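Written out below as structure tokens is the structure these notes cover.
As the structure is a prediction and not an experimental result, all values here were calculated from the model.
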Amino acid sequence: MSLAQAQCTSKDSTVSCCVKTHPLAPERCGATKLEVEEILFAAKVAAELARKDLPEWKRNCIETYVQCMEDHWTGSCYDCFRNCEGQTGEWPDNKCRPKKKGG
């Protein structure tokens, strides 16, 4: 699946949907450069998860990244994913983890 074919979902904001629909002209969507990178990376991650031959360690890194983004964990989900994928094959819990309840 190429980025140009990314589909909008009910979870997408207007900006996110616009960037997915116009990946070559995201400035039309009013998104910052960082927002564009995160939106397009998330679309790439979704395509990776759909692969049948994805190694289990990489699937775990991706699934944890998705949970990190959806639940707004502490730390940089993207940096932690890159660390997991490229360095150790394990999620760096000391850098990215769920926020503590009640504060």
Side-chain angles (χ1 to χ4, degrees):
M1 176 167 110
S2 73
L3 292 177
Q5 296 171 325
Q7 300 275 328
C8 296
T9 69
S10 61
K11 291 184 179 182
D12 285 326
S13 68
T14 302
V15 171
S16 177
C17 184
C18 179
V19 170
K20 287 181 177 182
T21 307
H22 306 289
L24 301 178
E27 64 279 357
R28 294 171 49 184
C29 304
T32 66
K33 184 177 180 183
L34 180 60
E35 287 173 319
V36 170
E37 289 174 3
E38 288 178 349
I39 292 165
L40 295 179
F41 181 72
K44 180 180 175 186
V45 164
E48 280 281 306
L49 275 176
R51 288 182 39 202
K52 301 289 184 211
D53 63 339
L54 193 64
E56 191 61 30
W57 67 267
K58 189 167 186 179
R59 182 174 301 282
N60 289 336
C61 291
I62 291 171
E63 288 174 349
T64 307
Y65 166 79
V66 170
Q67 186 176 9
C68 182
M69 291 297 292
E70 288 180 351
D71 294 341
H72 307 287
W73 288 7
T74 60
S76 168
C77 298
Y78 179 80
D79 288 344
C80 288
F81 171 76
R82 286 297 185 204
N83 182 272
C84 184
E85 179 185 49
Q87 300 295 321
T88 65
E90 294 181 15
W91 189 262
D93 291 324
N94 61 329
K95 295 180 182 176
C96 296
R97 60 187 167 274
K99 293 180 181 175
K100 292 182 180 175
K101 300 246 187 252

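Across all their heavy atoms, T21 and C17 have their closest contact at OG1-O, 2.7 Å. Nearest heavy atom pair, residue V19 against residue L40, reads CG1-CD2, 3.8 Å. The two residues E90 and N83 make their nearest non-hydrogen contact at O-OD1, 4.4 Å. Heavy atoms only, all atoms of each residue included: L54 and R59 are closest at CB-NH2, 3.7 Å. The shortest heavy-atom contact between P26 and V36 is CB-CG2, 3.5 Å. Closest of all the heavy-atom pairs between W73 and R97 is CB-O, 3.0 Å.
Proximity of F81 to C61: side-chain heavy atoms (C-beta onward) are separated by under 4.5 Å at one or more points. The side-chain heavy atoms of D12 and K20, taken from C-beta on, include a pair separated by under 4.5 Å.
Residue pairs satisfying the salt bridge (charged side-chain N to carboxylate O under 4.0 Å, His left out) criterion with at least one member in residues 68-82, sequence neighbours excluded, are listed as follows: K11-E70, R82-E85. Here disulfide bond (SG atoms under 2.5 Å apart) pairs that include residues 18-54, with residues two or more places apart or in two chains, are C18-C29. Screening residues 7-37 for ring pair (Phe, Tyr, Trp, His ring centres under 6.0 Å), with sequence neighbours left out, gives no hits.
A single hydrophobic cluster is not seen to contain both W57 and W91; linkage of ILVMFWY side chains at heavy-atom distances under 4.5 Å, directly or through other members, places them apart.
A distance below 2.5 Å between sulfur gamma atoms is met by C68 and C77.
Annotation: the span from N94 atom CG to C80 atom SG amounts to 7.5 Å, rounded to 0.5 Å. Annotation: the span from N60 atom CG to E56 atom CD amounts to 5.0 Å, rounded to 0.5 Å. For the atom pair CD of Q67 and SG of C96, the computed distance is 12.0 Å after rounding to the nearest 0.5 Å.
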